[in-house]
Amino acid sequence: MDGNSALAMYPKLAGQNAKYIYKQLQDFKHKRRTNDAGNMTAVSNTLSDADMLNVAAFYGSKQAKPAAVAEPVEEVESAPAVVKVSKKP
């Protein structure tokens, strides 16, 4: 758990500004931020302010890893364009 999410749907916390992480945790706990389906709200409700500061400092001190790059796709000849011309009377 180094803060580098393996799934794009979850944000990377590694290398984020610690003040930003702390503020987001506070916003989830106090329901000023609710776009998480309740997941982060449930987590943040278990944390004290000191815990939040520690979590923020921990992830803020980690190194963000670059996102994985997909393997190059083999080039494929494009199909010839088909154009339909309609004649209006």
Side-chain angles (χ1 to χ4, degrees):
M1 294 184 38
D2 65 356
N4 286 288
S5 176
L7 301 173
M9 64 187 276
Y10 300 116
K12 288 185 179 193
L13 296 179
Q16 284 283 1
N17 182 294
K19 288 180 183 179
Y20 172 80
I21 295 171
Y22 175 77
K23 181 183 182 316
Q24 298 313 304
L25 289 169
Q26 286 286 312
D27 287 351
F28 281 122
K29 185 171 188 169
H30 298 289
K31 297 181 177 39
R32 292 185 295 258
R33 183 170 176 186
T34 57
N35 63 330
D36 68 326
N39 297 319
M40 287 304 301
T41 300
V43 170
S44 64
N45 282 332
T46 68
L47 301 174
S48 67
D49 283 346
D51 292 335
M52 289 184 195
L53 288 168
N54 287 330
V55 166
F58 175 80
Y59 286 118
S61 72
K62 298 297 177 188
Q63 184 70 34
K65 295 177 184 171
V69 178
E71 292 294 320
V73 177
E74 207 174 292
E75 286 192 36
V76 179
E77 283 187 43
S78 58
V82 177
V83 178
K84 182 177 181 180
V85 178
S86 90
K87 295 181 181 178
K88 292 189 178 190

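What you see is a predicted model; the values in this text were computed from it and never measured.
Within the 4.5 Å cutoff, side-chain heavy atoms of N35 are placed close to those of F28. Within the 4.5 Å cutoff, no side-chain heavy atoms of R33 are placed close to those of T41. At a threshold of 4.5 Å between non-hydrogen side-chain atoms, the residues M52 and K29 count as touching.
Taking NZ of K12 as the reference point, atom CG of D2 lies at 9.0 Å (rounded to 0.5 Å). Between the CE atom in M1 and the OH atom in Y59 there is a gap of 3.5 Å [rounded to 0.5 Å]. Between atom CD of residue Q24 and atom CG of residue D36 there is a gap of 11.0 Å, rounded to the nearest 0.5 Å. Atoms CG and CG, from D49 and N54 in turn, are 11.0 Å apart once rounded to the nearest 0.5 Å. With rounding to the nearest 0.5 Å, the separation of CG in N45 from NE2 in H30 is 8.5 Å.
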CA sep, side-chain torsions, deciding dist, call: F58, L13, side chain to side chain contact (heavy atoms under 4.5 Å, CB included): CA-CA 10 Å; F58 175 80; L13 296 179; over 6 Å; no

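Judged by distance alone, the side chain of D51 and the main-chain N or O of S48 form a donor-acceptor pair under 3.5 Å. The backbone N or O of K31 lies less than 3.5 Å from no partner atom in the side chain of T34, so there is not a single donor-acceptor pair. Proximity of a side-chain donor or acceptor of S5 to a complementary backbone N or O of Y10 within less than 3.5 Å is detected.
When only modelled atom types and interatomic distance are considered, N4 and Q63 share no side-chain donor-acceptor pair under 3.5 Å.
Under the side-chain hydrogen bond (donor to acceptor under 3.5 Å, both in side chains) criterion, K62 pairs with no residue, sequence neighbours left out.
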